[in-house]
Structure formats: C-alpha cells, structure tokens
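So the structure is just underneath, and the comments pick up after that.
Hydrogens, waters and symmetry mates are skipped; everything else that's a heavy atom, side chains included, is used. On a predicted model such as this, the values are computed, not experimentally measured, just so you know.
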Amino acid sequence: MKHMNLIILGACLALGAGGYLLIGQPGMADQPMAERQAALAEKVRMDPQSLTEAEMLSRLEQAVIDKPDDPQPHYFIGEMLRTQGRAEDSVRAYQSALRRDQEFVPALISLADVLTQLADGAIGSDATRLYARAYELDESQVSAGMRAAMGAAQAGDQEKAEQAMRYIYSRLPEDDPRRERFRPMIEAIGQEAPAEAD
C-alpha cells in the first residue's frame with residue numbers, strides 16, 4: 001500500500017510538472033521575457049504611475065542587465081528595498097551602485113543614511129566618511145556635510161567637527177536661512193559661532 005501511494009504521488013508530481021511546462025505560470029500571460037519587458041517599457045512611457053512595485057523592480061533588474069556599468073538601477077533598487085524596510089539588502093544595492101561609480105553622490109548619501117539607521121542614529125566612521133565624500137563632491141549637499149561634522153563630534157573629534165561646521169557655514173550664501181541653524185550647532189560643539197561679516 002505504501003509503495004502504491006508513492007507511485008501515485010510520483011505520477012501526480014510528473015503530471016503537474018508536465019502541465020506547468022505546457023500551460024506556463026498560472027495567472028501570467030505566456031510571453032517571452034523580451035515581450036514582457038517591452039510591454040513594461042511602454043507602460044512606463046504611457047502611465048508610469050500605474051506600475052506595481054514588482055513591475056518597477058523588474059524594469060530596474062532589466063536595466064542592470066542592459067547597462068551593467070550604470071550605478072542608477074542599483075541605486076533605485078536600493079531605494080525600493082529601503083522603503084520596504086529591507087535595510088541590509090538596500091546596503092548591498094547601494095554598495096553595488098558605488099562599485100560602478102565611487103562618486104555617485106545619491107548612493108553615497110543613501111548608504112550613509114542606512115548605516116546610520118542601522119546604528120540606531122549614531123553616525124559611525126563609515127557613515128561619516130560617506131557623508132564627507134558626498135559633500136566634498138557636491139557642496140550643495142549641505143546636510144551631508146553637516147552629518148559628517150556631527151559624526152566627527154560623536155567620535156570625540158571636536159576640533160574636526162568645529163572646522164567642518166565653520167567651513168560649511170562660510171560656504172553658505174549670506175541670505176541662506178540655514179546659516180541661522182548652523183550658529184547654534186557650532187556653539188553646541190563648544191565654540192562661538194563665527195561673527196557675521198559687516
């Protein structure tokens with residue numbers, strides 16, 4: 001009896017596998033990957049808001065194949081994973097983007113953000129380095145520069161933090177409202193804010 005049950009189970013599995021090969025994936029149109037990607041590309045062009053998360057991920061994965069040296073698809077995959085609460089997976093995607101372009105500022109900042117999140121808000125040495133590099137490459141990324149300075153302060157290097165804050169402060173236009181936010185930060189690390197120019 002036991003032997004007969006095994007034969008029946010094996011036959012069912014064989015029939016099921018054969019049927020799947022003949023019919024394809026249930027609930028999905030039977031079309032080659034190239035056709036699916038073409039249809040998704042048209043959907044992106046005509047109505048990008050209607051894309052599901054799975055469809056967006058599929059397009060990004062195809063972009064990774066089509067443009068293996070482009071950091072952007074890896075970066076956007078990281079962004080999607082991060083919004084799904086998959087922080088560790090997003091770290092790998094951002095690192096993958098940076099392997100393609102070490103100066104890709106959005107990935108530098110996002111990777112630093114996730115590392116800070118994983119450290120419960122502490123800006124560790126890796127995150128500090130990433131923020132500093134992002135600001136060095138693009139001085140419009142003031143918050144990255146500020147976080148790099150905060151990381152130095154958290155590591156106990158008050159002098160470096162103060163120098164960084166003063167540098168960022170000095171690079172802001174005179175009418176930039178962020179100047180007023182910087183003054184108390186500079187004071188908080190034990191120094192007086194730089195005097196306003198007359």
Side-chain angles (χ1 to χ4, degrees), residues 37 40-41 43-44 48-169 171-172 176-179 181-182 184-186 188-189:
Q37 287 299 326
L40 282 176
K43 193 172 180 181
V44 168
Q49 301 299 335
S50 69
L51 283 175
T52 66
E53 214 168 72
E55 288 172 333
M56 285 189 282
L57 190 55
S58 177
R59 286 301 299 153
L60 289 169
E61 288 169 345
Q62 186 62 45
V64 165
I65 294 166
D66 294 342
K67 300 175 181 178
D69 297 327
D70 188 350
Q72 291 192 64
H74 297 273
Y75 165 72
F76 286 117
I77 288 170
E79 293 290 274
M80 285 188 67
L81 294 170
R82 189 173 164 197
T83 61
Q84 294 171 359
R86 296 168 59 188
E88 286 88 356
D89 292 331
S90 73
V91 164
R92 286 187 283 278
Y94 297 135
Q95 289 171 333
S96 197
L98 291 170
R99 278 194 295 276
R100 282 146 182 85
D101 182 356
Q102 295 178 1
E103 298 185 348
F104 190 61
V105 171
L108 288 168
I109 293 172
S110 289
L111 179 55
D113 286 344
V114 174
L115 293 176
T116 300
Q117 174 192 337
L118 290 170
D120 296 321
I123 303 174
S125 59
D126 287 338
T128 299
R129 179 183 49 78
L130 291 163
Y131 283 134
R133 183 66 178 141
Y135 180 72
E136 179 186 335
L137 291 167
D138 180 1
E139 288 191 354
S140 72
Q141 300 295 329
V142 173
S143 64
M146 182 177 69
R147 289 187 184 118
M150 290 168 58
Q154 288 178 16
D157 193 342
Q158 303 301 321
E159 184 178 346
K160 185 175 182 181
E162 187 255 343
Q163 287 174 351
M165 286 284 198
R166 286 179 180 274
Y167 178 82
I168 296 165
Y169 185 93
R171 307 290 290 175
L172 292 172
D176 193 314
R178 290 174 294 189
R179 289 176 71 87
R181 285 186 296 208
F182 265 81
M185 289 179 184
I186 294 170
I189 57 174

Please test Tyr131 against Gln141 for side chain to side chain contact (heavy atoms under 4.5 Å, CB included), starting from the C-alpha separation and ending with a verdict. CA-CA 9 Å; Tyr131 283 134; Gln141 300 295 329; over 6 Å; no
Under 30°, 30 to 60°, or over 60°: which ring-plane class applies to Tyr75 and Tyr94, parallel, tilted or perpendicular? tilted
Nearest atoms (heavy-atom pairs only) where [X] meets [Y]:
X	Y	result
Gly121	Gln154	O-NE2, 4.4 Å
Ala152	Thr128	N-CG2, 4.1 Å
Ala153	Gln158	O-NE2, 3.2 Å

Could you check whether any side-chain N or O of [X] sits under 3.5 Å from a backbone N or O of [Y], counting only pairs where one atom can act as donor and the other as acceptor?
X	Y	answer
Arg147	Ile123	no
Thr83	Met80	yes
Ser96	Arg92	no
Arg133	Glu103	no

Decide side chain to side chain contact (heavy atoms under 4.5 Å, CB included) for Arg171 and Tyr167; before the verdict, give the C-alpha distance in whole Å, the side-chain angles of both, and the deciding distance to 0.1 Å. CA-CA 6 Å; Arg171 307 290 290 175; Tyr167 178 82; 3.5 Å; yes
Rounded to the nearest 0.5 Å, what separates atom CE in Met146 from atom CZ in Arg178? 9.5 Å
Measuring from atom CG of Leu60 to atom CG of Asp66, what distance do you get when rounded to the nearest 0.5 angstrom? 11.5 Å
Please lay out, stage by stage, how Val142 and Asp176 fare under the test side chain to side chain contact (heavy atoms under 4.5 Å, CB included). CA-CA 11 Å; Val142 173; Asp176 193 314; 6.0 Å; no
How far apart are the C-alpha atoms of Glu88 and Leu118, what are their side-chain angles, what is the distance that settles it, and do they pass the side chain to side chain contact (heavy atoms under 4.5 Å, CB included) test? CA-CA 8 Å; Glu88 286 88 356; Leu118 290 170; 3.8 Å; yes
Residue pair Lys160, Asp157: steps toward the salt bridge (Lys or Arg N to Asp or Glu O under 4.0 Å) verdict: CA-CA 6 Å; Lys160 185 175 182 181; Asp157 193 342; 5.2 Å; no
